[in-house]
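Here is the structure we will look at.
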Amino acid sequence: MSFSGNFIYKCEVWSSSANIKSLKLLLFLLPLFQRFQGLSINIKRFTLLKSPLGNKKSKDQFEKCEHRVYFYLESSKPSNILACAHILTFLNDVKCKVKVSNKVSD
């Protein structure tokens with residue numbers, strides 16, 4: 001059985017981090033020909049009491065910003081896709097969701 005055409009592998013990555021510097025580092029580690037898009041920033045705000053036993057009106061407000069980026073890489077060699085996934089394992093502050101798919105090109 002033979003296939004007419006070559007396989008094109010596509011690696012899609014959604015990454016997020018509270019540290020914007022680690023996301024910028026991610027973009028420097030990956031090849032320059034990739035396509036990426038910055039996504040919206042998730043902002044979580046919460047309020048805590050300063051003292052659990054004291055004044056209930058005394059509160060502190062905090063905010064956590066989570067920056068997100070989407071990018072994908074297409075290649076005819078599966079080793080390039082595996083190298084991309086291997087680079088993602090070295091990032092400590094970045095959470096990633098990876099989807100790998102393939103299609104036959106004519």
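No experiment lies behind these values; they were computed from the predicted model shown.
Summarising the geometry, atom CG belonging to Asn80 is positioned 11.5 Å from atom OH belonging to Tyr9; distances are rounded to the nearest 0.5 Å. Atom CG in Leu48 sits 11.5 Å away from atom OG in Ser58 (nearest 0.5 Å). Tyr70 contributes atom OH, which lies 11.5 Å from atom OG of Ser15 (distance to the nearest 0.5 angstrom). In this structure, Leu82 CG and Ser75 OG are separated by 10.0 Å, a value rounded to the nearest 0.5 Å. Note that NE2 of His67 and CD1 of Ile20 are 4.5 Å apart. Values are rounded to the nearest 0.5 Å.
Residues Val69 and Leu39 approach most closely at C-CD1, 4.3 Å, considering heavy atoms. Looking at every heavy atom in both residues, Asn19 comes nearest to Ser17 through N-OG, 3.0 Å. Of all heavy-atom pairs spanning Glu63 and Cys65, the tightest one is OE2-SG, 3.8 Å.
Between Lys97 and Glu12 there is no salt bridge, since none of the side-chain N atoms of the basic residue sits less than 4.0 Å from a carboxylate O of the acidic one.
When side chains are defined from C-beta on, Trp14 does not count as touching Lys95, because their heavy atoms never get closer than 4.5 Å. Residues Tyr72 and Val13 form no side-chain contact, since every pair of their non-hydrogen atoms from C-beta on lies 4.5 Å or further apart.
Remark: Lys64 is not positioned above the aromatic ring of Phe46, lacking an NZ or CZ atom under 6.0 angstrom from the ring centre and at most 45 degrees off the axis.
Within the structure, salt bridge (charged side-chain N to carboxylate O under 4.0 Å, His left out) pairs that include any residue of residues 51-60 comprise Lys50-Asp60 (at least two apart or interchain).
With hydrogens and angles ignored, the 3.5 Å screen pairs a side-chain donor or acceptor of Arg68 with a backbone N or O of Ser40.
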request  = List the steps and the verdict of side-chain contact (heavy atoms from CB on, under 4.5 Å) for Ser79 and Ile81.
outcome  = CA-CA 5 Å; Ser79 60; Ile81 302 300; over 6 Å; no
message = Before you tell me yes or no, could you show the steps for Val94 and Ser16 under side-chain contact (heavy atoms from CB on, under 4.5 Å), namely the whole-Å CA-CA distance, both residues' side-chain angles and the distance that decides it to 0.1 Å?
response = CA-CA 6 Å; Val94 180; Ser16 64; over 6 Å; no
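Residue Gln61 places its CD atom among 12 or fewer non-hydrogen atoms of other residues, nucleotides or ligands, all under 6.0 Å distant.
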